[in-house]
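See structure below.
In this chain, residues are counted from 1 in sequence order.
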Amino acid sequence: MDIKEKFGIRLKTLRKEKGLSQEELALKSGLNRPYISAIEKGKRNVSLEVMEKLAGAMDIEIRELIDF
């Protein structure tokens, strides 16, 4: 499993723990739902800016996203 897949699994886990749908996370983060889906499937390599948006939308620290 590569780093993108690990990150995607972690994002999906955290999103579900927060009770958010992909659509809700997309709206809160300013990203679009297909992009969130692609991240969760391990198909996108996210930037630090995207990690910051995702963490902010879920009210977590960025480090929690990479705590595999």
Side-chain angles (χ1 to χ4, degrees):
M1 182 179 308
D2 73 11
I3 190 82
K4 292 183 294 186
E5 292 169 319
K6 289 178 184 177
F7 184 87
I9 290 167
R10 181 69 177 152
L11 176 61
K12 186 175 185 176
T13 299
L14 291 169
R15 176 179 61 76
K16 287 187 172 189
E17 285 176 3
K18 295 288 183 175
L20 296 170
S21 67
Q22 287 182 348
E23 186 68 32
E24 291 168 325
L25 180 57
L27 288 171
K28 287 181 163 221
S29 66
L31 304 168
N32 64 48
R33 196 215 45 83
Y35 185 63
I36 301 288
S37 176
I39 294 170
E40 290 185 356
K41 291 177 183 174
K43 296 183 184 296
R44 299 301 301 253
N45 189 19
V46 300
S47 67
L48 290 172
E49 289 91 355
V50 168
M51 283 195 267
E52 183 178 48
K53 288 178 182 183
L54 292 168
M58 293 189 288
D59 196 30
I60 61 172
E61 297 291 326
I62 291 174
R63 70 175 178 267
E64 293 180 61
L65 289 168
I66 55 173
D67 185 17
F68 311 131

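With sequence neighbours excluded, the residues that form a salt bridge (Lys or Arg N to Asp or Glu O under 4.0 Å) with Arg15 are Glu40.
Within 6.0 Å of CD on Glu52 lie no more than 12 heavy atoms contributed by other residues, nucleotides or ligands. Few gaps surround NZ on Lys4; more than 12 heavy atoms of other groups in view lie less than 6.0 Å from it. No more than 12 heavy-atom neighbours from other residues, nucleotides or ligands sit within 6.0 angstrom of CG on Asp59.
Here Leu54 contributes atom CG and Leu14 contributes atom CG; the two are 10.0 Å apart, rounded to the nearest 0.5 Å. Going from atom CD of Glu5 over to atom NZ of Lys41 covers 13.0 Å, rounded to the nearest 0.5 Å.
Of all non-hydrogen atoms in Glu64 and Ile60, the two that sit nearest each other are OE2-CB, 3.5 Å.
Proximity of Val50 to Arg44: side-chain heavy atoms (C-beta onward) are nowhere separated by under 4.5 Å. Side-chain contact between Arg10 and Ile66 is absent, with no heavy-atom pair separated by less than 4.5 Å.
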Working note: Val46 + Leu11, criterion side-chain contact (heavy atoms from CB on, under 4.5 Å); need CA distance, chi angles, decisive distance, verdict. CA-CA 11 Å; Val46 300; Leu11 176 61; over 6 Å; no
For Lys16 and Lys12: C-alpha separation, side-chain torsions, deciding distance, then whether side-chain contact (heavy atoms from CB on, under 4.5 Å) applies. CA-CA 6 Å; Lys16 287 187 172 189; Lys12 186 175 185 176; 3.7 Å; yes
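When the side chains of ILVMFWY residues are joined at heavy-atom separations under 4.5 Å, either directly or via intervening members, Ile62 and Ile36 end up in a single hydrophobic cluster. Met51 and Phe68 fall within the same hydrophobic cluster, where Ile, Leu, Val, Met, Phe, Trp and Tyr residues are linked whenever their side-chain heavy atoms come under 4.5 Å apart, directly or through other members. Side-chain heavy atoms closer than 4.5 Å link hydrophobic residues (I, L, V, M, F, W, Y) into clusters, and following such links, possibly through other members, connects Leu48 to Leu65. Hydrophobic clustering (side-chain heavy atoms under 4.5 Å, transitive across Ile, Leu, Val, Met, Phe, Trp, Tyr) keeps Leu25 apart from Ile9.
Side chain of Ser37 to main chain of Arg33: no donor-acceptor pair is present (N/O by atom type, distance under 3.5 Å, no hydrogens or angles).
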